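Written below as structure tokens is the structure these notes are about.
Every heavy atom of this structure was used, including side-chain atoms; hydrogens, water molecules and symmetry mates were not. A quick note: this is a predicted structure, and the numbers were derived from the prediction, not measured.
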Amino acid sequence: MVEQHGQGADGPITPRATAYAQWYQDIVAAAELLDQAPVRGCWIFRPNGYLIWEIFQRELDARFKRRGVQNVYFPLLIPQSYIAREAEHVEGFSPELAVVTHGGGEELEEPLVVRPTSETVIWATLRRWIRSHRDLPMLLNQWANVVRWEKRPRAFLRTTEFLWQEGHTAHATAQEARDFALTMLGVYEEFLQTVVGMAPIVGEKPAHERFPGAVATFTLEPMMQDGRALQAGTSHDLGANFAKAFDVTYQGEDGEAHPAYATSWGMTTRVIGGMLMVHGDDRGAIFPPAVAPVQVAIVPVSGRDAGATQAVDEAAATARRDLTAAGYRVALDDRPGLRPGAKFFHWERRGAPLRLEIGPRDLAAGQATAVTRHDGEKRPIPLSGLTGAVQALLAGLQADLAARARTIQESRTQTVDDRAALELAVAQGYALARWCEQYDCATAIQEATRATIRCFPLQDHDGSYHPAPTDPGPCAWCGAPAQRRAIVARAY
RNA sequence: CGGGGAGUAGCUCAGCCCGGUAGAGCACCACGUUUGGGACGUGGGGGUCGGAGGUUCAAGUCCUCUCUCCCCGACCA
């Protein structure tokens with residue numbers, strides 16, 4: 001029923017205030033999500049880690065399909081020449097490609113790259129799939145793994161191989177492509193808010209941070225508890241760049257050939273790491289109920305005699321049966337030989353959002369003791385109405401976590417107008433500052449503060465995104481004229 | 001790629017300076033006593049000491065080479 005401890009799972013957890021990076025590693029271990037792989041930068045997903053990804057997949061996939069997106073699968077290996085077809089694309093990705101040079105014991109005539117992303121192979125194929133305006137829009141997605149040879153890997157946040165979904169769509173007009181890129185941005189935002197419990201800033205990347213080959217890159221930037229940003233998803237308007245590079249045209253109603261307009265959008269296993277950093281505390285991981293591998297941990301407390309213990313065991317088994325039947329992910333911690341306290345710690349570290357204690361005293365009162373992980377509060381709930389009470393507690397907990405994340409983010413976001421204020425703001429969170437949109441200025445900011453231009457925030461009106469109103473004034477860093485404010489922050 | 005650190009039991013590490021029977025804690029297995037916030041007793045299993053070469057009667061320990069991992073920076077979802 002209950003898995004045994006794994007490596008490092010029981011080690012001490014470094015407090016966040018002592019060393020945030022070390023704390024992060026500790027709670028990844030404590031939650032038993034990953035294990036070390038033999039290859040640098042790669043991690044093994046343990047059952048709990050993969051279950052979270054499966055839940056992400058289920059939630060996102062349903063949202064995609066609701067918008068008419070169909071799943072496909074393209075191969076892992078891509079001819080090296082494909083990557084080179086789009087000028088910015090090859091420049092952007094070449095440094096981090098893994099290249100296969102040998103196969104079947106022989107050197108390959110043309111090296112194959114392990115996909116870092118699939119725009120090239122997909123657009124090479126869309127050339128055959130798109131003929132007429134009746135073929136559009138073509139809305140595709142694939143669940144896949146990709147490889148990017150990063151210099152500095154970190155568990156979940158930046159791994160050599162990572163799991164993601166990559167959506168690829170083709171449209172008849174530039175406007176339609178832009179609209180769809182924003183639609184998917186909205187899907188991501190809603191997912192991060194309601195499922196993951198994040199409060200991402202949604203915005204557009206500055207030109208120098210765009211995806212290689214994109215005309216616009218939109219991003220979601222939730223704040224971690226230490227004030228740093230994490231890019232948690234992107235949606236790109238690729239314009240006609242890939243259609244031109246791969247010669248994809250369709251015949252319009254006017255009988256003429258037109259280029260197809262593209263989007264691509266992706267979300268990765270990185271978000272799992274972000275979720276840990278947003279919600280976890282010094283006692284371990286805390287998972288929002290919507291994604292928790294174990295939503296309810298039932299800990300029976302044995303009685304002084306066999307009869308009382310048997311009654312407790314039966315009540316615990318009944319609770320598990322009822323909650324499981326109601327669709328919850330439940331663990332009954334019936335491991336023998338462990339005292340209740342040890343089990344409490346066990347489930348706290350692993351992030352179970354709700355714990356139910358059932359002991360002789362509870363049974364005498366016809367109740368269970370419910371303990372919410374994020375605030376440690378204990379409250380009795382009647383065994384007769386267990387499922388309903390659990391549902392209410394989990395719903396409240398999900399909302400509490402999201403609200404807490406939003407509060408932290410807002411309290412650490414400052415609107416600033418000059419260099420000194422910007423430096424102070426990025427030392428502890430987000431700065432909302434006018435920026436001149438000059439690359440050299442962004443570089444100067446980064447060299448001085450280690451912060452980067454995260455995005456120009458977008459505002460959500462009537463389900464669509466619009467740029468924030470212009471706010472002319474001097475660039476907070478260099479004083480040159482600036483039209484709008486950007487989020488400036490250190491990032492993972 | 002620069003700068004640090006580390007490879008010895010499943011995990012965390014001691015042992016290395018000063019060569020001589022491979023250890024501790026935790027975890028694991030068995031039995032018993034415990035059980036409302038990390039229990040205890042007794043017994044037990046588990047090791048090519050990262051790899052290769054060298055010195056030596058003898059190498060975890062000394063020498064040479066090598067591989068790998070982790071952490072901190074620049075590249076990135």
If I pick the [atom1] atom on [M] and the same atom on [N], what distance separates them, to the nearest angstrom?
| N | M | atom1 | result |
| --- | --- | --- | --- |
| B:rC49 | B:rG23 | P | 14 Å |
| B:rA22 | B:rA59 | C1' | 13 Å |
| B:rG47 | B:rC11 | C1' | 14 Å |
| B:rC16 | B:rU34 | P | 45 Å |
| B:rG50 | B:rA9 | P | 8 Å |
| B:rA27 | B:rA39 | P | 10 Å |
| B:rU8 | B:rU55 | P | 27 Å |
| B:rG46 | B:rA24 | P | 14 Å |

Separation of atom [atom1] in [X] from atom [atom2] in [N], rounded to whole Å:
| X | N | atom1 | atom2 | answer |
| --- | --- | --- | --- | --- |
| A:F162 | B:rC75 | CZ | C1' | 14 Å |
| A:R335 | B:rU34 | CZ | C1' | 16 Å |
| A:R490 | B:rC76 | CZ | P | 18 Å |
| A:R152 | B:rC75 | CZ | P | 12 Å |
| A:L230 | B:rC76 | CG | P | 15 Å |
| A:D35 | B:rC70 | CG | P | 12 Å |
| A:E91 | B:rC76 | CD | C1' | 15 Å |
| A:D362 | B:rG37 | CG | P | 12 Å |

Is the shortest side-chain N to carboxylate O distance from A:E88 to A:R210 below 4.0 Å? no
salt_bridge(A:R373, A:D281) N-O dist < 4.0 Å: yes
Report which part of the nucleic acid [X] touches: base, sugar-phosphate, or nothing (heavy-atom distance under 4.0 Å, all strands).
| X | answer |
| --- | --- |
| A:G337 | base |
| A:G359 | base |
| A:K378 | base |
| A:T369 | base |
| A:V147 | nothing |
| A:A232 | nothing |
| A:E150 | base |
| A:T309 | nothing |

Give none if [N] has no partner; otherwise give the nucleotide forming a Watson-Crick or G-U wobble pair with it, both distances under 3.5 Å.
| N | answer |
| --- | --- |
| B:rG23 | B:rC13 |
| B:rC49 | none |
| B:rC69 | B:rG5 |
| B:rG60 | none |
| B:rU35 | none |
| B:rA30 | B:rU42 |

For atom CD of A:Q57, decide whether the heavy atoms of other residues, nucleotides or ligands shown that lie under 6.0 angstrom number more than 12. yes
What do you reckon, do A:F345 and the base of B:rG38 stack, with centroid distance below 5.5 Å and planes below 30°? yes
Return the 5'-most residue of the pair A:Q22, A:G376 with respect to RNA chain B, ranking by each residue's nearest nucleotide. A:G376
On RNA chain B, nearest-nucleotide positions of A:T219 versus A:W43: which is more 5'? A:W43
Test side-chain hydrogen bond (donor to acceptor under 3.5 Å, both in side chains) applied to A:Y465 and A:E189, step by step: CA-CA 11 Å; A:Y465 294 102; A:E189 184 182 18; 2.4 Å; yes
Hey, do the aromatic rings of A:F218 and A:F211 have their centres closer than 6.0 Å? no
Is the distance between the ring centroids of A:W53 and A:F156 under 6.0 Å? no
Between [options], spot the one nearest the side chain of [X], thanks.
| X | options | result |
| --- | --- | --- |
| A:Q36 | B:rG73, B:rU35, B:rC70 | B:rC70 |
| A:P340 | B:rG36, B:rC76, B:rG37 | B:rG36 |
| A:K151 | B:rG37, B:rG38, B:rA74 | B:rA74 |

Give a yes or no on whether the backbone of A:S118 and the side-chain of A:E166 come within a donor-acceptor separation of less than 3.5 Å. yes
Is there side-chain contact between A:W477 and A:T449, with heavy atoms separated by less than 4.5 Å? yes
If you go through the side-chain atoms of A:E348, does one of them form a donor-acceptor pair with the base of B:rG37 closer than 3.5 Å? yes
Please evaluate the base of B:rG37 for a donor-acceptor partner in the side chain of A:R355 within a cut-off of under 3.5 Å? yes
Quick check on [N]: is either OP1 or OP2 less than 4.0 Å from any side-chain nitrogen or oxygen of [X]?
| X | N | answer |
| --- | --- | --- |
| A:R40 | B:rU68 | no |
| A:Q25 | B:rC71 | yes |
| A:Q446 | B:rC75 | yes |

Closest heavy-atom pair and its distance - A:F246, A:W123: CB-O, 3.7 Å
